[in-house]
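Report on one structure; see the data block that follows.
Hydrogens, waters and symmetry mates are skipped; everything else that's a heavy atom, side chains included, is used. None of the values given here were measured: they were computed from a predicted structure. Order of the sequence lines fixes the chain letters, A, B, ..., with proteins taken first and strands second; residue numbering starts at 1 for each chain.
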Amino acid sequence: MSEEKSLNFLEEIVEDNLAKGTVTEIHTRFPPEPNGYLHIGHAKSICLNFGLADKYGGKTNLRFDDTNPVTEDTEYVDSIKEDVKWLGFNWEEEHYASDYFVQLYEFALAMIGKGLAYVDDLSAEEIAAIKGTPTEPGKASPFRNRSIDENLSLFSEMKAGKYNDGEKVLRAKIDLASPNMHMRDPIMYRIKKVSHHRTGDAWCIYPMYDFAHGQSDSIEQISHSICTLEFEVHKPLYNWYIEQLGTFPSKQFEFARLNLTYTVMSKRKLLQLVQEKLVDGWDDPRMPTISGLRRRGYTPESIRNFCDKIGVQRRENIIDMGLLEFCIREDLNATAQRRMVVLDPIKLIITNYPQGKTEVLKGENNPEEENHGGYRDLPFSNELWIEADDFLEEAPKKWFRLAPGMKVRLKSAYIVQCTGYTKNEAGKVTEVHCEYIPESKSGEDSSGVSVKGTIHWISTDKSESAEVRLYDRLFKVENPSSEDEDFKTFINPNSLEIITSAKVEPALKDAKPGDRFQFIRKGYFTLDSMLSKEGKLVFNRTVGLKDAWAKEQKG
RNA sequence: UGCCCGAUAGUAUAAUGGUAGUACGUCAGAUUUUGGUUCUGAUUGUCUUGGUUCGAAUCCAGGUCGGGCAACCA
């Protein structure tokens with residue numbers, strides 16, 4: 001307990017900065033572009049940014065880097081805010097890069113004034129053609145040496161809408177021979193005659209991310225700009241802007257993005273899945289999005305705990321999906337109430353239990369909780385639903401469930417012994433017959449009989465019907481993105497199995513969207529918030545229980 | 001073949017010149033009215049070659065392998 005948890009490399013940097021006094025206040029930010037939904041990889045970034053500020057008494061802003069009106073939308077802004085809040089974080093200030101458009105425009109004018117930026121008439125293709133390659137230097141545009149005055153008036157004409165998309169851009173004048181491609185006169189502003197989700201038609205020129213992002217950090221006085229590895233090569237450019245403009249010297253630190261097995265983690269790919277209707281939307285429970293995981297039944301605690309467990313480093317990584325599943329099981333095992341649900345029902349007839357007799361037994365809500373989490377009523381009768389695969393005509397080795405002659409405990413009820421069964425013409429077992437031991441009633445068992453197996457059940461006359469959705473991994477291979485083929489060819493065709501007529505116990509009738517349960521011996525489930533209606537229960541399986549028997553059979 | 005970054009069990013992550021540890025996974029056992037949970041034990045690792053040092057996962061040099069960089073995307 002007293003064991004000190006070692007610092008991650010970002011915490012070490014922060015502590016070092018604080019100790020040396022190079023930074024006195026920790027100020028971070030989470031800077032999503034509102035062009036898609038947040039996924040579990042963003043959760044890592046969110047936990048890092050908010051966690052760092054929180055740990056060292058600083059603050060964290062939420063800032064939308066909305067510099068490309070073509071792809072951005074308020075729908076995404078709303079979902080991002082909802083997801084960050086749901087994860088349990090509160091931002092200090094809410095900002096938008098678009099709030100800084102005037103300021104950024106003035107920065108651009110200042111750069112032109114210092115002879116450090118110029119208007120280029122070349123097309124995108126022409127610029128690319130003379131940009132060189134990583135091994136060859138680029139060539140100067142014929143417009144590179146325009147006078148400051150000409151640049152100033154051209155840039156203001158760009159702003160005024162005199163030119164069409166692509167006709168002109170504003171470029172920083174840096175070094176066309178730089179081995180870093182981002183320093184070869186990067187574009188600062190481009191013309192896009194497109195309405196912006198916040199500024200509407202006020203602007204027709206928009207700053208590029210590289211110009212806007214770093215300067216937005218400076219404006220907000222972000223001390224530590226945490227981002228993913230691919231932006232490392234952009235850092236010299238950000239630092240160059242800061243130096244030339246004399247703005248607040250935010251320092252950037254990069255970490256390796258999260259990858260998870262059996263899924264994809266790029267907004268582009270996730271968007272593709274949504275647009276091509278390979279899933280039912282951003283919040284499809286199979287998606288690694290925050291909204292998908294939420295609908296699937298994941299808790300914010302489990303996701304935060306996961307982010308803590310995976311740590312943070314600069315090396316490429318791919319985390320086992322099993323760890324995420326471990327985190328939600330760990331949480332739900334302690335907190336979810338137990339219920340009995342039969343997914344594939346067959347009848348169990350107790351031949352020595354009086355027909356028409358009923359009694360109400362007690363089922364513990366959660367054995368992990370104090371006083372078992374209280375109890376719920378379980379109606380019992382001579383005719384029950386049990387799981388079809390809990391009965392076998394011939395018992396294999398190590399079979400602890402029902403088979404002719406075998407005894408099992410009915411969870412929270414009696415021990416029964418199988419006396420026979422009936423089959424239909426197709427050879428399918430339709431009814432299992434048994435006799436119960438009256439002295440073996442749960443909690444007051446004086447029978448002296450011990451059994452290896454316990455199965456779940458529901459009294460047929462008191463059962464409700466429900467739809468249950470069983471989800472499996474979205475992809476068949478561990479890393480769909482690393483293969484040569486299109487990632488979509490690896491989609492798991494069996495990632496969703498819909499069971500339309502599961503039998504559920506009466507206590508589940510009043511389940512509310514977002515309620516989470518453990519269906520005994522089956523897994524953790526939550527009531528679906530979108531598909532459930534008055535009189536129709538739809539449950540999503542969050543994750544199955546560990547299944548030692550399934551493993552035994554496979555091995 | 002330019003520049004930048006990285007390399008510790010299967011997967012992650014510690015050890016900050018001094019006994020390579022932890023988690024998940026896997027395997028075995030105990031407990032169990034969930035083949036769940038819990039508990040116990042086992043398993044497996046410093047990319048490579050040199051160098052510095054009493055001592056190297058750690059510092060230095062060469063190599064190998066992996067990732068990133070040439071959008072008017074972010």
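- Rounded to whole angstrom, the span from the CD atom of A/Q313 across to the P atom of B/rG67 amounts to 19 Å.
- For A/R329 against B/rG36, no side-chain N or O and base N or O form a donor-acceptor pair under 3.5 Å.
- Heavy-atom nearest nucleotides on RNA chain B were determined for A/N8 and for A/D120, and the one closer to the 5' end corresponds to A/N8.
- Checked by distance alone, A/Q553 brings no side-chain donor or acceptor within 3.5 Å of a matching partner on the base of B/rG35.
- Note: CD1 (A/I328) to C1' (B/rC24) measures 16 Å, nearest angstrom.
- Comparing B/rU46 with B/rG29, their P atoms are spaced 30 Å from each other, to the whole Å.
- Among B/rG6, B/rU37, B/rC24, the nucleotide with an atom closest to any side-chain atom of A/R314 is B/rG6.
- Straight-line distance from the CZ atom of A/R315 to the C1' atom of B/rA57: 11 Å, rounded to whole Å.
- Atom CD in A/E552 sits roughly 8 Å away from atom P in B/rA28 (whole-Å rounding).
- Look at the C1' atom in both B/rU40 and B/rU32: the space between them is 15 Å, to the nearest Å.
- Looking at A/Y298 and A/E325, their side chains never bring a donor and an acceptor atom within 3.5 Å of each other.
- Nucleotides B/rA61 and B/rA42 place their P atoms 41 Å apart, quoted to the nearest Å.
- Considering only side-chain N and O atoms, A/K546 lies nowhere under 4.0 angstrom from the phosphate OP1 or OP2 of B/rU34.
- When the C1' atom of B/rU33 is taken as reference, atom CG of A/L378 falls 13 Å away, rounded to whole Å.
- Residues A/T299 and A/D331 bring a donor and an acceptor atom of their side chains to less than 3.5 Å of each other.
- Under the Watson-Crick or G-U wobble criterion, with both distances below 3.5 Å, B/rC59 is paired with B/rG51.
- OP1 or OP2 of B/rC72 has not a single side-chain nitrogen or oxygen of A/S123 nearer than 4.0 Å.
- Residue side chain A/R338 reaches the base of B/rU34 through a donor-acceptor N/O pair under 3.5 Å, judged by distance alone.
- Each of B/rC69, B/rG35, B/rG67 was ranked by its minimum atom distance to the side chain of A/H182; first place goes to B/rC69.
- Heavy-atom nearest nucleotides on RNA chain B were determined for A/F400 and for A/G166, and the one closer to the 5' end corresponds to A/F400.
- Note on A/K551: a side-chain N or O is less than 4.0 Å away from OP1 or OP2 of B/rU26.
- Taking only distance into account, the side chain of A/S442 meets the base of B/rU33 through a donor-acceptor pair shorter than 3.5 Å.
- For the pair A/R257 and B/rA74, the criterion of a side-chain N or O lying under 4.0 Å from OP1 or OP2 is not met.
- With rounding to whole Å, A/Y209 atom OH is found 17 Å from B/rA71 atom P.
- Nearest nucleotide to the A/A124 side chain, out of B/rC72, B/rG36, B/rU33: B/rC72.
- With no hydrogens or angles considered, a side-chain donor-acceptor pair links A/D185 and A/Y118 at under 3.5 Å.
- For the pair A/K192 and B/rC73, the criterion of a side-chain N or O lying under 4.0 Å from OP1 or OP2 is met.
- Remark: B/rA42 base-pairs with B/rU26. Criterion, Watson-Crick or G-U wobble with two distances under 3.5 Å.
- Residue A/R401 places none of its side-chain N or O atoms closer than 4.0 Å to OP1 or OP2 of B/rG35.
- B/rG50 and B/rG25 have their C1' atoms separated by 37 Å, with the value rounded to a whole Å.
- Judged by distance alone, the side chains of A/N366 and A/E368 never bring a donor and an acceptor atom under 3.5 Å apart.
- Scanning for ring pair (Phe, Tyr, Trp, His ring centres under 6.0 Å) contacts around A/F400 gives an empty result, with sequence neighbours left out.
- Here B/rA28 presents its C1' atom at 11 Å from NZ of A/K398, a figure rounded to the nearest Å.
- Under a cutoff of 6.0 Å and an axis angle of 45°, A/K159 and A/W203 form a cation-pi pair.
- Across all strands shown, B/rU1 forms no Watson-Crick or G-U wobble pair with both distances under 3.5 Å.
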